[in-house]
Amino acid sequence: MNALVPLVVLVPLIGAAATLILGRSPRIQQLVTIGALTTVLGISVALLVIVDAGGPLTMVVGGWDAPFGIVLVVDRLSALLLLVSSIVLLAVLLFSVGQGLADGDNETPVSIYNPTYLILATGVFNAFIAGDLFNLYVGFEILLVSSYVLITMGGTEPRIRAGTTYIVVSLVSSILFLASIAMIYGAIGTVNIAQISVRMDEIPADVRLILHLMLLIAFGIKAAVFPLSFWLPDSYPTAPAPVTAVFAGLLTKVGVYAIIRTETIMFPLPELNTVLMVVALLTMVIGILGAVAQADIKRLLSFTLISHIGYMILGVGLGTVAGLSAVIYYIVHHIVVQTTLFLATGLIERQGGTTSINRLGGLLKAAPVIAVLFFIPALNLGGIPPFSGFIGKLGLFEASAQVATPMAYVLIGAGALVSLLTLYALARVWNMAFWRSADEVKDYDSTLLTELTEAPNGAVMTDKRTVPRLMTAATAGMVLVSLALTVFAGPLYGVASRAGENLNGPVRYVEAVLPEEAR
């Protein structure tokens, strides 16, 4: 069964090479891409079943045992994220295929888009199974290169400008991460994550703290935590709709995943837990205040994305099994729901010609299906019971109450307030874009709306276009997946709880990765 582990990286990588060769056969290219991601989805299901029943799987690349060789590791956390990532990547791909069939592949030209998209998937999957820091760095760099191509696709001025900001910030994060790897290797002589955990006590406490902080800052930039999140709202919304959706759903979660590994394996001591909880508080509050000030739906969702990263950092900062279990469930929920909302926003843009709520109206009557596809995940993200957003937040609040520190109670209150403000911001979108009639748009005069922040190109109206069935079907499929997180919340939370137990201290991870003589 260990042979399945590298396939989640090899399949999309080989698929990317095949799609490059098939550049002049766009439909075959699309079939290869769909086939590659479907295969990874099947492998991910098998891996989750296997590791949940029998423990982590490891694969030593090249025959060199750990810690000398490259080790690929799949535990419950990795397997769960591989599964939800493959679902999201496949759904967004189908959405982009529908867009391409309708628009002639102007937004996402398949000769470039499909191989780059598979390279992006390769980077995501590689990051989730990396057993050493350098391989994790390679996964991040694969993400960086492919995401830059995707975010600038079309070559428009806003996309090039956003792509430049994105690449500069990402390079700073990568340089900091690479410097951290070099310093860790110089201090303890290894970059294997399990062996770092074993040897970390051998170095002085002040050096350990510096290394810890460097890794957290590098990963914090990628996860878009405050104050390192300034780049995100101006970068993601400029990309084509499917690209924005997959970026919002997955890329920041790779950073959160790296933070979880850092805090539970390499630096399991609670020396920075209070700092993480303060960062979580600021990320939640500042992010949602940015969201309620936006008139553009894509920018609003980008700020809610930042805000809800704060919930995830809260779960990590608690440093308990309950907190880790809740944050794992919440990550799965947020990947699905945030992606779904961005896909629904792509449908709104086609139907209404804009994503500014100042210029939208009457969509409930004109496009009732789109109205439903936006309404359900909006309630979910806002934490309305019985949706998965409510279940995840409730788990985080219960874990915080168990810690019972003043900061934990402050975070419970802040989390509840942020949830209400999220619901308020999304309800305003619903009211202005769907409930308000089209006749009221030109005559509507509101001081509140005039004070909202428009996107840089918010005044631009594109042509209203038909919404292809495949785009609608892909979005509807993601809505069904989000509902499945509620219907099957018990089993899913059970897997998350077992994953949280495995992350409670590095012992199980070390035993799975390192041979006894290397511990």
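Since the model is a prediction, treat every value here as computed from it, not as a measurement.
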With rounding to the nearest 0.5 Å, note down the distance linking [atom1] in [X] to [atom2] in [Y].
| X | Y | atom1 | atom2 | result |
| --- | --- | --- | --- | --- |
| Leu144 | Ser170 | CG | OG | 5.0 Å |
| Ile265 | Asn502 | CD1 | CG | 10.0 Å |
| Leu394 | Glu398 | CG | CD | 4.0 Å |
| Leu282 | Ile306 | CG | CD1 | 13.0 Å |
| Gln338 | Met478 | CD | CE | 11.0 Å |
| Asn273 | Thr405 | CG | OG1 | 10.0 Å |

Check Thr262, Val138, Asn192, Ile196 against Leu133 for a side-chain contact (heavy atoms from CB on, under 4.5 Å) and give me the one that passes.
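When Thr262, Val138, Asn192, Ile196 are each tested with Leu133, the side-chain contact (heavy atoms from CB on, under 4.5 Å) holds only for Ile196.
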
Would you say the side chains of [X] and [Y] form a donor-acceptor pair under 3.5 Å?
| X | Y | value |
| --- | --- | --- |
| Asn380 | Ser388 | yes |
| Thr320 | Gln402 | no |
| Arg76 | Ser497 | no |

Minimal non-hydrogen separation, Val292 against Ala425, with atom names
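Between these two residues, the closest heavy atoms are CG1-CB, 4.1 Å.
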
Could you tell me which non-hydrogen atom of Val71 sits nearest to which non-hydrogen atom of Val513, and how far apart they are?
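That would be CG1-CG1, 4.0 Å.
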
Phe134, CZ: over 12 other non-hydrogen atoms inside 6.0 angstrom
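Atom CZ in Phe134 is not packed in, count stays at 12 or less.
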
Assess whether side chain to side chain donor-acceptor pair (under 3.5 Å) is satisfied between His308 and Tyr330, documenting all intermediate values.
CA-CA 9 Å; His308 286 245; Tyr330 198 81; 2.7 Å; yes

Cation over ring face, Lys298 and Tyr236, 6.0 Å, 45°
no

Can you check whether [Y]'s main-chain N or O pairs, donor with acceptor, with [X]'s side chain at less than 3.5 Å?
| X | Y | answer |
| --- | --- | --- |
| Thr422 | Gly382 | no |
| Lys253 | Gly249 | yes |
| Thr244 | Ala239 | yes |
| Ser173 | Ala218 | yes |
| Thr304 | Leu301 | yes |

Could you check if a side-chain atom of [X] sits within less than 4.5 angstrom of a side-chain atom of [Y], using non-hydrogen atoms only?
| X | Y | answer |
| --- | --- | --- |
| Thr252 | Phe247 | no |
| Val73 | Leu57 | no |
| Val5 | Thr58 | no |

Are Arg498 and Asp75 ion-paired here, with the side-chain N under 4.0 Å from a carboxylate O?
no

Any chance the rings of Phe219 and Phe177 have centres within less than 6.0 Å?
yes

Could you tell me whether Tyr166 and Tyr148 have their ring centroids closer than 6.0 angstrom?
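No, they do not, as the ring centres are separated by 6.0 Å or more.
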
Test side chain to side chain donor-acceptor pair (under 3.5 Å) applied to Ser78 and Arg261, step by step
CA-CA 10 Å; Ser78 298; Arg261 292 298 190 196; 2.9 Å; yes

